[in-house]
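In what follows, a single structure is set out as structure tokens and then discussed.
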Amino acid sequence: SKYRTELMGFATLLIIICHTPRNEMPNWLGIIIGNLGLGVDIFLFLSGMGLYNSYKNRKVSIPKWFIKRYERIIVPLLLIVIPILIFNKFLNSEGEFRSVLSYLGELSGFGYLFYGRALWFVSCILFLYIITPLLYKILDSKHKYSIAAILSLLCFIIAYILPEKDPWAFMIQRWPSYILGFAMAVDIKEHKQGSIWHFIVLPLFTYSFLFALNHTIGTHFSLFAFQGIPIMTISAILIDEMKSERINKVLVFMGLISLESYITNIYLISLLKSLPLHLHIGNVLYYSVSSIICIIVSFIAYKLTYIILKK
């Protein structure tokens, strides 16, 4: 709770690194960087924690609460995506044909659910906003951890039943991170002593078990949630121990633009491939320059969003 924004920033950096082109890297390094996708699960855990408190302390009706949450996502999405889509269409006038409905779905934030296009996290978190009132009722119990474990297991079962490449299957496997963050929100806010067993040992044991299943009987369970929670816990401990003002400022900055950074990273880097930057597309230098541009654009979008929503 104390370092929520810093941890959001840490997760943002993991996602940026995760998207680094890996074709010129040693295989072992590429595997490590690819697994930094766990940053999204850190986002989901922290979002679950924040959304519990937001919903519990709301002073408006459920529809108004949802609209307020939706605005925080849709405004930066439109600010970033519309100009990029227009510019990209101008540069690639003979690109793939897409229906108006497809564009509207993408700009609504729910496009991944129906078209399987980019920004799966946005579609995922928006759907979780919708079911948050139901989650609140289900998890408002002294047995909340047992219920959260059962719900998480159901997510994996449903995802396993669905076709492996189904967008819903991919997304539902990531819900346990949100559910666990939601369930733990009260204890975290009340600064109750956390257990290494719950935050590190148990997730790593579950990770090892599912990893073994994936590589023996051919299941396709997502392992990111059980990597993300231990990494997040260890990172929080390190941030608290180091007490570095400079590092904290960097992490807070990245945490504030985390949503904008995610959206920009997906779209802008794709657009930059169409521009004559005279950099070898696919190498680390190209991606580094692109990431710096993305951070600048993300900060501008964050500031504009703040101005728009403040009005």
Side-chain angles (χ1 to χ4, degrees), residues 3-21 36 39-40 42-44 46-47 50 54 67-92 103-112 117-126 129 245-279 281 284-311:
Y3 297 113
R4 184 173 181 271
T5 305
E6 287 89 338
L7 290 171
M8 283 282 197
F10 174 68
T12 302
L13 292 174
L14 292 183
I15 295 299
I16 291 175
I17 298 171
C18 173
H19 289 158
T20 304
L36 295 184
V40 176
I42 295 177
F43 275 135
L44 287 170
L46 296 171
S47 295
S54 172
I67 290 171
K68 185 177 180 181
R69 304 305 309 183
Y70 184 63
E71 286 175 342
R72 176 62 187 92
I73 288 183
I74 199 64
V75 171
L77 188 148
L78 295 177
L79 286 173
I80 295 167
V81 175
I82 288 179
I84 291 177
L85 286 179
I86 293 173
F87 194 44
N88 196 41
K89 192 66 178 175
F90 175 76
L91 289 175
N92 303 285
Y103 280 113
L104 290 176
E106 190 166 354
L107 293 174
S108 72
F110 290 98
Y112 181 80
R117 303 186 71 87
L119 299 182
W120 74 266
F121 173 77
V122 171
S123 297
C124 178
I125 200 68
L126 285 176
Y129 286 173
E245 187 175 341
R246 289 184 179 179
I247 293 177
N248 282 13
K249 283 183 178 179
V250 171
L251 293 178
V252 167
F253 172 76
M254 295 303 299
L256 291 174
I257 64 168
S258 56
L259 173 63
E260 291 79 6
S261 175
Y262 172 77
I263 298 171
T264 307
N265 191 262
I266 296 293
Y267 278 90
L268 190 58
I269 289 179
S270 177
L271 173 65
L272 291 174
K273 294 178 182 178
S274 306
L275 301 178
L277 296 178
H278 305 294
L279 290 171
I281 294 175
V284 176
L285 177 60
Y286 168 81
Y287 186 74
S288 299
V289 172
S290 302
S291 296
I292 292 171
I293 297 173
C294 284
I295 290 172
I296 295 171
V297 172
S298 299
F299 180 69
I300 294 171
Y302 168 77
K303 285 293 187 181
L304 289 174
T305 300
Y306 177 79
I307 293 171
I308 293 170
L309 295 181
K310 191 177 181 182
K311 293 180 180 180

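Source: prediction; values computed, not measured.
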### Task
Would you sort out whether Leu251 and Thr5 count as a side chain to side chain contact (heavy atoms under 4.5 Å, CB included), showing the intermediate values?
CA-CA 7 Å; Leu251 293 178; Thr5 305; over 6 Å; no
### Query
Hey, is Glu71 close enough to Lys310 for a salt bridge, meaning N to O under 4.0 Å?
no
Just wondering, do [Y] and [X] contact through their side chains at under 4.5 Å, heavy atoms?
X: Phe43; Y: Leu259; answer: no
X: Ile308; Y: Leu79; answer: yes
X: Ile15; Y: Leu36; answer: no
X: Leu126; Y: Arg69; answer: no

### Ser261 side-chain N/O to Ser258 backbone N/O, donor-acceptor pair under 3.5 Å
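No; judged by distance alone, with no hydrogens or angles, the pair does not exist.
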### Message
Tell me whether Arg4 contacts the main-chain N or O of Leu46 through its side chain, where contact means a donor paired with an acceptor under 3.5 Å.
### Response
yes
Reported [atom1]-to-[atom2] distance for the pair [X] and [Y], which is rounded to 0.5 angstrom:
X: Ile125; Y: Trp120; atom1: CD1; atom2: CH2; result: 9.0 Å
X: Tyr302; Y: Ile307; atom1: OH; atom2: CD1; result: 11.0 Å
X: Thr305; Y: Ile300; atom1: OG1; atom2: CD1; result: 11.5 Å

If you compare all heavy atoms of [X] against all heavy atoms of [Y], which two are closest, and at what distance to 0.1 Å?
X: Ser291; Y: Ile16; answer: OG-CG2, 3.7 Å
X: Gly39; Y: Ala11; answer: O-CB, 3.4 Å
X: Leu309; Y: Arg72; answer: CD1-CA, 3.9 Å
X: Leu7; Y: Ile42; answer: O-CG2, 4.1 Å
X: Ile74; Y: Ser108; answer: CD1-O, 3.5 Å
X: Ser123; Y: Gly111; answer: OG-N, 3.7 Å

### Query
Between Phe299 and Phe253, what is the ring plane arrangement, given parallel below 30°, perpendicular above 60°, and tilted in between?
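Tilted, since the angle between the ring planes falls between 30° and 60°.
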### Task
List the steps and the verdict of side chain to side chain contact (heavy atoms under 4.5 Å, CB included) for Glu260 and Leu77.
CA-CA 7 Å; Glu260 291 79 6; Leu77 188 148; over 6 Å; no
### Task
Just do the side chain to side chain contact (heavy atoms under 4.5 Å, CB included) check on Thr12 and Ile257 with the steps written out, would you?
CA-CA 9 Å; Thr12 302; Ile257 64 168; 5.6 Å; no
### side chain to side chain contact (heavy atoms under 4.5 Å, CB included) evaluation trace for Ser54 with Lys68
CA-CA 11 Å; Ser54 172; Lys68 185 177 180 181; over 6 Å; no
#### Entry: Donor on one side chain, acceptor on other, Ser298 and Thr264, under 3.5 Å
yes
### Query
Would Phe121 and Tyr262 count as a close aromatic pair, with their ring centres under 6.0 Å?
yes
